[in-house]
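The next block holds one structure in the form of structure tokens; read it before the comments.
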Amino acid sequence: MKKIINDVDNIVPEMISGLVRTNANLVRQIPNTTAVVRNDAKFSEEKQVGIVSGGGSGHEPLHAGFVGDGMLSAAVAGQIFTSPTPDQIYEAIKAVDSGKGVLLIVKNYSGDVMNFDMAKEMAEADDINVKSIIVDDDISVENSEFTQGKRGVAGTVFIEKILGAAAREGKSLDELVELGKAAIANTKTIGISLRAATVPAVGHPGFELKDDEIEFGIGIHNERGYSIEKIAPSKDLAQELSDKILADFSDQDGKFAVLVNGMGSTPLMEQYIFANDVLNHLQEKNIEVDFSKVGNLVTSLDMLGVSLTLMKVDDEWIKWLNEPVETIGW
Amino acid sequence: MKKIINDVDNIVPEMISGLVRTNANLVRQIPNTTAVVRNDAKFSEEKQVGIVSGGGSGHEPLHAGFVGDGMLSAAVAGQIFTSPTPDQIYEAIKAVDSGKGVLLIVKNYSGDVMNFDMAKEMAEADDINVKSIIVDDDISVENSEFTQGKRGVAGTVFIEKILGAAAREGKSLDELVELGKAAIANTKTIGISLRAATVPAVGHPGFELKDDEIEFGIGIHNERGYSIEKIAPSKDLAQELSDKILADFSDQDGKFAVLVNGMGSTPLMEQYIFANDVLNHLQEKNIEVDFSKVGNLVTSLDMLGVSLTLMKVDDEWIKWLNEPVETIGW
Amino acid sequence: MTINLEQATKWIDLFVDKLEENRSTLNELDTAIGDGDHGTNMDRGAKAIKEALAKKAPADVSELFKTVAFAIIQKVGGASGPLYGTAFLDMSKAAKEETDLAKLISIGNDGIKRRGQSDVNMKTMIDVWQPASEALASGDLTAEKVTEFLNNTKDMVATKGRASYLEEKSKGHLDPGSQSSAYLFESLLTAMEG
Amino acid sequence: MTINLEQATKWIDLFVDKLEENRSTLNELDTAIGDGDHGTNMDRGAKAIKEALAKKAPADVSELFKTVAFAIIQKVGGASGPLYGTAFLDMSKAAKEETDLAKLISIGNDGIKRRGQSDVNMKTMIDVWQPASEALASGDLTAEKVTEFLNNTKDMVATKGRASYLEEKSKGHLDPGSQSSAYLFESLLTAMEG
Ligand SMILES: Nc1ncnc2c1ncn2[C@@H]1O[C@H](COP(=O)(O)OP(=O)(O)O)[C@@H](O)[C@H]1O
Ligand SMILES: Nc1ncnc2c1ncn2[C@@H]1O[C@H](COP(=O)(O)OP(=O)(O)O)[C@@H](O)[C@H]1O
Ligand SMILES: [Mg+2]
Ligand SMILES: [Mg+2]
Ligand SMILES: [Mg+2]
Ligand SMILES: [Mg+2]
């Protein structure tokens, strides 16, 4: 394992320190936590619903990179691939509540769901109005009443963008919850990996793939996918992922937003080639794409791969996706 | 080699196509070229000195990702690690000239310098006023009258940012040339690599390093560095690079801007840890840092590593570095 | 059977020791069907509990459980943090009035089920907590039984927690949270014996 | 010695063939001390020249050189594109009046030096162009001499182009651009012979 780090046990605090020191105009660290909160001039004057997200580290720029005017109010970073603890989330909730309530955006992992729930209970004891929504866009996992359900992956960033813009516009907590649930229901993602991520404390990739193999349906914590296939040209990968996601929508009418997300070690060059192939394929199928985004947004340490997210959108959502924000990572 | 591509010979056009299609509000492709030019509403109305940069591909988001209001007017992409041809650069010059002249920002490689020179001669034949500046910030290479001189690397992005902001403010071509030269003289960079980049047509990393080795002073096209050492903690690397760069400045008074740049496959997490260590070390030395930036800005395909750039700045340069821009990659 | 402060303190001390000793066993179990950190997580919790108890000796069982709960909630994270944390927090609240051990454990078990939205047969720690709580109620919990409950998780298919992503492939492995819970109940039995 | 359209056409045809045949030789030389693409670059140029000449047969030597120059300038890129491109562009301009071969080559050599800000002994193609141009002027250029000029680059330390980053380590390798230039002059000699 070759990584530019110091002490394995100190990775997250050092990373957060680097992030806030190089972006002091945008964010500050909440004392004694690894949570960051908006630090721009507008923030202290503003009265809007606070939006807090968070989760394990290793997905940078998610979530701290999306804190800023028009997106998240605060983000809480846990240990690598490990949910943050409720006390840290609770501090973030307190830091962003302006009396209008706080919305928690939680990715669907049992640890995240439970820790955010506990933090919510702690904040409610302080009479803060807190609601949460659970993002579960990874359609490579079967959903069923009896399981953990689908995971929350790259689509989370579209949800954060739309809700952040809507909150800035003055939407109420209840309106945001409703909007968030609708947005999540219309967001679907599949990821592929060419090489697994190496968790620093483990020291080697989470799973092994042969030189010509690619795994479909992986999660952002090295969760295994649904099949291993021979690596194929970008356009075949684009077609396979697009079709699988489209088939999961009840119909293919209306407008779509597209996110091509790099998993951490994949050059932008390849992400753009893949995005080009996705757009070609969607065009052939007469699918209207009204917003698209490419880049390392929701990564998995040094994983090699990409994910594709399609979101069915209406005009107002497109407007919110397009609105300028002041963040590190959007 | 595992890459998400189609035909190796078609990488650059497909990449540019993906980039412009997913950023049509910002940039458009100049027909029959792999050059992109601003496409925002403001651009057509504006009368400012046009700023054109470019070079071989494989350094994304440089340069196309820095085209937009307040930064570059156009960017020309060559084949991977190969200078673009003069006719493409010439088309970009024509597309951005509004009568105020055009400034070319060229990284110091013999191919780039010569191809941009030829393009300049072609444009001068059309009575367009064109000047160029040569960025040579890589201090790991010895400079001398008899050699090719220092290479242009990550510091280029600071030069593009400052000149873009100054051009937007209405500075003349001659003023920009002078400003550019002063900025370049105050910009110094060293890069380190943990793993070389794999050029798609070659299929394997450009050089081999052992599992515990790191190379100091590499270039952004797999140019070998000045020494191979055992990998060390981030803070030791930060100290070694900072001190070497600082020693190259005649004095260490005044204000500095810092750029920690990821080489393509290095997670943001490690870049922030390294940035934190650089800031710690500079603080210990009582060096005033007034601007800092972290991220994958000037990459080398899938190289693992980072570069550190220090720039001696005055207040006006800091203002220009801080000004908002509308680009894909800044 | 009721539990007093001395017994409860011994219980927690034994549990904490077992977690520290078996950090790598728990990590290995979690590597097979999870993300390999259950040992690290519980060990972090164990150290936090020790530190908190060293700082201030609790006055009663309720306060002891609260100290344990807060240490776990603040330091463990992941799935096991809120689960063990909720169990001890709920037991702490109940212990203000209640001293019956079986009732307390049953309340802890309910807390886990509520927090985890889960039940028996999902290949989670509940598959140790719930039968253990029932056996305590009928007065016949033994170390052998605890091991039996733990071993029963081996052939289950996980439907909650990370292991559930593996579906059928989660079969054939012990559930790591059930292993740490087995340590909890083994410690409890030893503490109650004398 | 003057050069006519027939001879010049034959020269370029032979050169283009040699570039295509020796693509991998040139890449290998460039791999040792450059970035490994000189063969690919020149081959791209060769194909572009062929295509351009197939489209429209040039009326005179000046037009032929111009076609060659534009094909190279538009398709080669890198360092060799502007260098060969400038040489042929300058020779094309001169060929409107001038027919003396040695003079034309000397003008091409000057173009390379101007474009490359370089001179002899820097381990570049000039180390073939300049002595070849001088030998032509004195009427004694031979294939053996071309090979000798090329081989002389082996022990030079590069001070221009990518190889210069290697400093002393650039010694012991032929310069790739000198090898492609050697093909150019060997082709010229064959074309002029008959
Ligand atoms: N929803 C749930 N209900 C009950 N127990 C659960 C649930 N999810 C996970 N667990 C328990 O937690 C254990 C894993 O804990 P740990 O590895 O520390 O957390 P994480 O899965 O976040 O890495 C599992 O072995 C299982 O016993
Ligand atoms: N400044 C220069 N002056 C003259 N010749 C040069 C100069 N720079 C490079 N060359 C020649 O160009 C050759 C390399 O060409 P090529 O590999 O196609 O371009 P690049 O170096 O851009 O990859 C060198 O072998 C050398 O002969
Ligand atoms: Mg975990
Ligand atoms: Mg080249
Ligand atoms: Mg785990
Ligand atoms: Mg070359």
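Atoms considered below: every heavy atom in the structure, side chains included; atoms not considered: hydrogens, waters and symmetry mates. Proteins come first, then strands; the chains are lettered A, B, ... in the order of their sequence lines, and each starts at number 1.
Within the structure, salt bridge (Lys or Arg N to Asp or Glu O under 4.0 Å) contacts touching residues 53-64 of chain B (residues at least two apart or in different chains) do not occur.
The greatest number of non-hydrogen atom pairs below 4.5 Å with chain B, out of A:I231, A:N280, A:I192, A:N10, is found for A:N280. When each of A:V258, A:N25, A:D211, A:I80 is scored by its heavy-atom pairs under 4.5 Å with chain B, the top score falls to A:D211. Of all the listed residues (A:M303, A:E326, A:Q271, A:M15), the one sharing the greatest number of non-hydrogen pairs under 4.5 Å with chain B is A:M15. Of the listed residues (A:G305, A:S17, A:A232), the greatest number of heavy-atom pairs within a distance under 4.5 Å of chain B belongs to A:S17. Top candidate by heavy-atom pairs under 4.5 Å with chain B, chosen from A:I273, A:D277, A:N6, A:I11, is A:N6. Contact count against chain B (heavy-atom pairs under 4.5 Å) is highest for A:I5 among A:I5, A:T299, A:V289, A:D302.
Take B:K293 and apply the side chain to side chain contact (heavy atoms under 4.5 Å, CB included) test, not counting sequence neighbours, and it matches B:F158, B:L259, B:F291, B:L297, B:W330. Residues satisfying the ring pair (Phe, Tyr, Trp, His ring centres under 6.0 Å) test with B:F216, not counting sequence neighbours, are none.
In this structure, the side chains of B:M263 and B:L304 stay at 4.5 Å or more apart for every pair of heavy atoms.
If you measure heavy-atom distances from A:N296 to chain B, the contacts under 4.5 Å come from the side chain alone. In this structure, chain B has heavy atoms under 4.5 Å from both the backbone and the side chain of A:P61.
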**Request:** Could you check B:T22 against A:L279 for side chain to side chain contact (heavy atoms under 4.5 Å, CB included), going step by step and ending with a plain yes or no?
**Result:** CA-CA 9 Å; B:T22 55; A:L279 293 182; 3.9 Å; yes
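In this model, a donor atom of one side chain and an acceptor atom of the other lie less than 3.5 Å apart for A:T189 and A:T309.
Scanning residues 194-209 of chain A against chain B with a 4.5 Å non-hydrogen threshold yields A:L194, A:R195, A:L209, sorted by number.
Using a 4.0 Å cut-off between charged side-chain N and carboxylate O, A:D212 and A:K210 make no salt bridge.
Taking CD of A:E215 as the reference point, atom OG of A:S193 lies at 7.0 Å (rounded to 0.5 Å).
The aromatic rings of A:H221 and A:H59 sit perpendicular, their planes meeting at an angle over 60°, well past the 30° parallel limit.
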